[in-house]
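None of the values given here were measured: they were computed from a predicted structure.
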Amino acid sequence: MPELPDVEGFRRVLAEHTGEPVASVSVLDPGVLRGVTARRLSTALRGHRFEQPHRRGKWLLAPAHGPVVLLHFGMTGSLTWHDPDEPRHRHDRVVWELPDGELRFRDMRKLQGVHLAADREEADETLRDLGPDALDLSRDDLAATLGAHRGRLKTTLTDQTVIAGLGNLLADEICWRARINPLRPARDLTASELTTLHRAMHRVLRASIKAERVPPRKTWLTGARDTQTPTCPRCGTPLEAHRLSARRTLWCPTCQPN
DNA sequence: TACAGTGTTTATCG
DNA sequence: ACGATAAACACTGT
């Protein structure tokens, strides 16, 4: 699930549990560790208290007075708070045990995982190729960014080195809301389309953050994705589908003409 | 049983 | 250099 709104929710989970010392770190499956061993992750964090966490794109950064834990949730990851008595889930991969409960990094597919940086500088280095967060982009930033790319709009929107935070669902939802065809060349948008797209991006993000996911509402494109024959929630036209490698793109041929 | 699926990286080809 | 595409990672739901 995790796109920007989901990760923002995980950030809140962590933010509610800063300030207490980490009693221990349990690596239940080292398959999610990226460039760090279970031993090093454990020794670096034991006794440390998490500080205010930050989200950048789909990344969650958890500084702990020195070391910084970097989490990426891939397609199936999550971070949740649990009572220690609660049985572990089979996909719980790493657990941070705190005095009153524990934070669990759960991830079925292990497509991404847990990184550790020695300090904030090293954390920044890990994320050096990440573009600006989607929520920080002004209308003119967005215009300048898209104007520099000849590729398709959707491909550009979901390129994390260009803009950080937008995934498959969000990109389709934003294009649909703005009534712009996702296969159009990014740099061909008109000034008024760029204004519309920027407004759509912010409205979709704000509402999604509130829901901690891209909400599958009947009035949203996302609500139509999983139906047998998806139709446009605005006009009822059957949606067009296009597959870009393993990703599906959906749009309304009536609302979003070429 | 077969295949799609909310992410990213790497490789290949044009 | 840039863009398009496919495969790989591992597993579940339909």
Side-chain angles (χ1 to χ4, degrees), chain A residues 1-11 28-35 55-60 70-80 88-94 105-115 125-131 133-134 145-177 181-188 201 204-205 207-209 211-217 220-230 239 241-251:
Chain A
M1 304 153 150
E3 298 185 55
L4 187 158
D6 311 79
V7 180
E8 185 62 22
F10 304 146
R11 188 192 63 75
L28 308 175
D29 183 349
V32 296
L33 300 183
R34 300 285 181 262
R55 182 192 55 73
R56 203 168 136 201
K58 303 174 190 174
W59 286 84
L60 180 60
L70 296 95
L71 301 177
H72 195 298
F73 301 90
M75 282 170 67
T76 54
S78 64
L79 185 72
T80 47
R88 299 249 169 93
H89 186 277
R90 55 188 296 220
H91 297 141
D92 286 339
R93 311 296 188 185
V94 178
F105 179 79
R106 182 174 300 177
D107 190 358
M108 179 178 78
R109 288 179 63 181
K110 303 187 276 190
L111 293 174
Q112 300 297 321
V114 181
H115 300 240
E125 178 62 18
T126 301
L127 304 187
R128 71 180 180 284
D129 292 333
L130 209 55
D133 192 86
T145 298
L146 296 183
H149 291 268
R150 292 174 293 170
R152 305 202 244 236
L153 174 60
K154 179 178 177 183
T155 305
T156 306
L157 288 175
T158 54
D159 183 338
Q160 303 301 297
T161 67
V162 176
I163 300 171
L166 306 182
N168 199 48
L169 293 188
L170 281 172
D172 279 0
E173 193 69 49
I174 290 164
C175 290
W176 177 79
R177 172 90 67 119
N181 190 292
L183 303 186
R184 296 250 312 269
R187 70 173 178 187
D188 286 0
M201 180 171 79
V204 167
L205 285 174
S208 298
I209 286 171
E212 298 194 343
R213 63 188 295 195
V214 186
R217 294 178 191 154
W220 284 41
L221 184 70
T222 302
R225 290 191 88 87
D226 295 331
T227 58
Q228 59 299 351
T229 50
L239 298 174
H242 188 271
R243 298 163 284 299
L244 304 171
S245 52
R247 292 287 157 271
R248 185 168 63 141
T249 295
L250 285 180
W251 74 93

Given 3.5 Å as the limit, does a donor-acceptor pair link the side chain of [X] with the main chain of [Y], or not?
X        : Y        : value
A/Gln160 : A/Thr158 : yes
A/Arg55  : A/Gly57  : yes
A/Arg34  : A/Gly31  : yes

Across all strands shown, which nucleotide pairs with B/dA2 by Watson-Crick or G-U wobble geometry, both distances under 3.5 Å?
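Here B/dA2 is engaged in a pair, and the nucleotide opposite it is C/dT14.
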Please state how far atom [atom1] in [X] lies from atom [atom2] in [N], giving the value in whole angstrom units.
X        : N      : atom1 : atom2 : value
A/Leu169 : B/dT8  : CG    : P     : 12 Å
A/Leu250 : B/dA4  : CG    : C1'   : 13 Å
A/Gln112 : B/dT8  : CD    : C1'   : 5 Å
A/Arg106 : C/dA10 : CZ    : P     : 20 Å
A/Arg248 : B/dC3  : CZ    : P     : 17 Å
A/Met108 : C/dG13 : CE    : C1'   : 9 Å
A/Glu3   : B/dG5  : CD    : P     : 14 Å
A/Asp226 : C/dT14 : CG    : P     : 10 Å

What nucleotide, of [options], holds the atom closest to the side chain of [X]?
X        : options               : result
A/Arg109 : C/dA4, C/dA10, C/dG3  : C/dA10
A/Arg90  : B/dT8, B/dG5, C/dT12  : C/dT12
A/Gln160 : C/dC11, C/dT12, B/dT8 : B/dT8

Ring of A/Trp220, cation from A/Arg225 - is the NZ or CZ under 6.0 Å from the centre and inside 45° of the axis?
no
Ring geometry between A/Trp251 and A/His242 (parallel below 30°, tilted from 30 to 60°, perpendicular above 60°):
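Tilted: the ring planes of A/His242 and A/Trp251 meet at 30° to 60°.
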OP1 or OP2 of [N] less than 4.0 angstrom from a side-chain nitrogen or oxygen of [X], does that happen here?
X        : N      : result
A/His149 : C/dC2  : no
A/Arg152 : C/dT5  : yes
A/His91  : C/dA10 : no

When we call it a touch if two heavy atoms are under 4.0 Å apart, what does A/Arg243 touch: a base, just sugar-phosphate, or nothing?
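Nothing, no heavy atom under 4.0 Å.
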